[in-house]
There are 2 protein chains.
Amino acid sequence: MIAPSTYDALRDELASRHDELSKRLKQIAEYALDNPNDMALETVSEIAERAGVQPSSLIRFAKAFGYSGFSEMQKVFRSHLVENGSNYKERIRSLGRDDSCQSNSSSVVLDDFIDGGIAALNNLREVLNPEKLEQAVEALVDADVIYLTAQRRSFPIASYLSYALAQLDKRCVLIDGNGGMFFEQARSIRPGDVLLAISFKSYAAEVVQLVKETKSKDIPVVSISDGILSPLAQHSDVCLEVEEVEVHAFRSLSASMTLALTLVVALGRALDQAA
Amino acid sequence: MIAPSTYDALRDELASRHDELSKRLKQIAEYALDNPNDMALETVSEIAERAGVQPSSLIRFAKAFGYSGFSEMQKVFRSHLVENGSNYKERIRSLGRDDSCQSNSSSVVLDDFIDGGIAALNNLREVLNPEKLEQAVEALVDADVIYLTAQRRSFPIASYLSYALAQLDKRCVLIDGNGGMFFEQARSIRPGDVLLAISFKSYAAEVVQLVKETKSKDIPVVSISDGILSPLAQHSDVCLEVEEVEVHAFRSLSASMTLALTLVVALGRALDQAA
DNA sequence: ACACAAATGGAATATAAATTCTATAAAAGG
DNA sequence: CCTTTTATAGAATTTATATTCCATTTGTGT
């Protein structure tokens, strides 16, 4: 039995042998994969307690993977802690330095998007008006059926909403334009329903038109869009504004997705209270 | 005398009091600033030897800065090692916990999701292996057609990928199970193509099955999932791991979406270079 | 349902590490 | 140059931690 000497090798071993492990050992393997930092820094008894096992199990665990004892295995986790940290710092350094175009490594791209996503989320916190959110929830609580519509880049948000609303046992119809039947799908909307439309510039023509038509029938429209000047905002009862950050010519969806999620959870609570 | 409780505070203290220190303590201060990792991970006697001093000097050193002993000072160095954003687990735990119902205002819900989303993004930065990202990009660059598959909560990610890949003029097929034709849609996949599968626990059975089948045909599989123990990871050539935060019983998609976006942009660059 | 093997919990033990103590050495002050 | 104070080295001690061992439980095959 030869013990893995690198963190990655150990992870692979943990995964590939996971099935053949006994109950406790499985439990430890899962804890180790979830909390590598604990494995690196904490003492045997502390880890044992957190993972809900006996200290001796940790030693048996280490031995099952070929180490002479827990301490030897811990070294592997520790080495990773050091390597990883320096990687990260180097990336940060290179990010600040050469913002020209040398940074073509994908991991630098990742850093950019992560920073962008964080910025977008912070921005969301600042600009979103809590009253509007409440208004949107109120409108949706009373809806008989929620009609969802979005196209292109925004479509995944509507798609997610359709999944999440179903979880809440809230009836909804996703107008996805499948089979070229965008307006046909929307035709069954009627008083008592609510349209929830999502679109960002450049605004999908079908969505804008549907919003206008629905509004003119006096059916409530809630929208998620990118500012008060959006054609959706003009014709909606409530418009929740999100500003997504653009990085490398692609726009993130973090903020919009988070808003969608919030809307769903807030709606879920409101529904619970109503019942 | 009050002991610095953060790494940065300690560094400042070491620097500012450097002049007034005795010979040995100076020596140790310099070693500590040069080798913070050693200070965090090694034992007193090991550090003593490397720094060329006596073990007892290290204890005096720690006490000179207000700590009860060396171990207490070491905690500060250790926390720095981990603190690259990973109070993650704890922050998330605290978010999930206060479902007491006190926080019934929607804006509190929003704040929780924003915090959760930010934490998930920071975590993504730490745990994503850059090499795996490169591998994934390489596999996708060479693909004739990219087949995308995901179900339920993950579906919006595949949906977004299908939109974004089309923008890159990369051919792709979205296996969405529309019309109950999940496996029928997948039938046309063949050597030269690549399957990109996305699923989180509890893993959609169809997606898992499709991944297995595809792999057994020797067609490359790239997956996005939630850890090395995922059935997707087991049967993929490359698995990109994302840990999503669960707040209020709903899981955010910020990190997964950001990863998807990164993959697309990195792929776009790779395609440009190839041409 | 029984016997056998494997796994587990928890106390007991061994090991290693941190800390204290004291004799000695270096520095400071007169 | 001697005395007093402070710092240091190294051994001794204490404390913390890892590891072993064995009785008990859990699982498995007949």
Side-chain angles (χ1 to χ4, degrees), chain A residues 1 3-5 10 13-14 17-32 35-79 81-82, chain B residues 1 3-5 10 13-14 17-32 35-79 81-82:
Chain A
M1 165 97 31
S5 63
L10 177 52
E13 196 73 1
L14 250 35
R17 288 182 51 194
H18 183 257
D19 292 338
E20 71 191 50
L21 292 176
S22 72
K23 196 174 146 201
R24 280 288 166 283
L25 266 35
K26 262 202 186 79
Q27 192 178 339
I28 295 173
E30 281 156 27
Y31 184 86
N35 308 72
N37 288 344
D38 282 5
M39 295 297 282
L41 293 178
E42 299 300 324
T43 65
V44 168
S45 47
E46 183 62 31
I47 299 168
E49 194 175 345
R50 294 190 191 177
V53 302
Q54 288 291 322
S56 50
S57 300
L58 283 173
I59 281 89
R60 269 184 290 124
F61 178 73
K63 293 196 168 176
F65 286 90
Y67 299 96
S68 71
F70 179 80
S71 306
E72 204 188 358
M73 171 182 262
Q74 194 172 44
K75 282 182 192 157
V76 175
F77 282 99
R78 289 193 172 182
S79 67
L81 206 55
V82 174
Chain B
M1 166 101 25
S5 62
L10 177 53
E13 197 74 1
L14 287 180
R17 289 183 49 194
H18 184 259
D19 292 338
E20 69 190 58
L21 293 175
S22 72
K23 196 176 150 201
R24 281 286 168 282
L25 298 195
K26 261 201 187 84
Q27 191 179 340
I28 295 174
E30 280 156 25
Y31 185 86
N35 308 74
N37 288 345
D38 282 5
M39 294 298 281
L41 294 177
E42 299 300 325
T43 66
V44 168
S45 48
E46 183 63 31
I47 298 168
E49 192 174 346
R50 294 190 191 176
V53 302
Q54 287 292 321
S56 50
S57 301
L58 283 172
I59 281 89
R60 271 185 295 117
F61 179 73
K63 291 193 172 178
F65 286 89
Y67 300 96
S68 72
F70 179 80
S71 304
E72 205 189 0
M73 172 183 260
Q74 193 172 42
K75 280 183 193 156
V76 176
F77 283 98
R78 288 194 173 182
S79 69
L81 212 51
V82 171

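Numbered from 1 within each chain, the chains take letters A, B, ... in sequence-line order. This one's a predicted model, so the numbers in the text were calculated from it and none came from an experiment.
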Which donor-acceptor pairs under 3.5 Å do side chains of residues 38-48 of chain A form with protein atoms, sequence neighbours excluded?
unit_1	atom_1	unit_2	atom_2	d
A:D38	OD1	A:R50	NH1	3.2
A:D38	OD2	A:Y31	OH	2.5
A:D38	OD2	A:R50	NH1	3.1
A:T43	OG1	A:E46	N	3.2
A:E46	OE2	A:R50	NE	2.8
A:E46	OE2	A:R50	NH2	3.2

What pairs with B:S57 under side-chain hydrogen bond (donor to acceptor under 3.5 Å, both in side chains), at least two apart in sequence or on another chain? B:R60
Treating primed atoms plus P, OP1 and OP2 as sugar-phosphate and everything else as base, which nucleotides of nucleotides 14-21 of chain D get B, S or - for protein heavy atoms under 4.0 Å? ---SSBB-
Determine the minimum heavy-atom distance between B:A62 and B:G69, stating which atoms define it. CB-O, 3.5 Å
Any residue meeting side-chain contact (heavy atoms from CB on, under 4.5 Å) with B:P36, in chain and number order, not counting sequence neighbours: B:Y7, B:F77
Sorted by chain and residue number, the side-chain hydrogen bond (donor to acceptor under 3.5 Å, both in side chains) partners of A:S79 (sequence neighbours excluded) come out as none
Kindly calculate the angle separating the two end axes of the helix from C:dA1-D:dT30 to C:dG30-D:dC1, each obtained from five base pairs, and round it to 10 degrees. 30°
Let me know the distance between CG of A:L21 and P of D:dG27, rounded to the nearest Å. 16 Å
Quick one: B:L58 CG to D:dA9 P, roughly how many Å, whole number? 11 Å
Range on DNA chain C touched by chain B, heavy atoms, distance below 4.0 Å: C:dA17 to C:dT20
Tell me every residue that passes side-chain hydrogen bond (donor to acceptor under 3.5 Å, both in side chains) with B:S68, counting only those two or more places apart in sequence or in another chain. B:E72
Can you list, pair by pair, the side-chain donor-acceptor contacts under 3.5 Å of residues 23-30 of chain B, counting residues two or more places apart and other chains?
unit_1	atom_1	unit_2	atom_2	d
B:R24	NH1	B:Q27	OE1	3.1
B:K26	NZ	B:D19	O	3.4
B:K26	NZ	B:L21	O	3.4
B:Q27	NE2	B:A51	O	3.0
B:Q27	NE2	B:G52	O	3.4
B:E30	OE2	B:H18	NE2	2.8

Pairwise side-chain contact, A:L58 with A:M73, heavy-atom cut-off 4.5 Å (strictly under): no
B:K23 NZ to D:dA9 P, in whole Å, measures 8 Å
Are the side chains of B:Y67 and B:P4 in contact, using a 4.5 Å heavy-atom criterion? yes
A:F61 meets the ring pair (Phe, Tyr, Trp, His ring centres under 6.0 Å) criterion, sequence neighbours left out, with A:F65
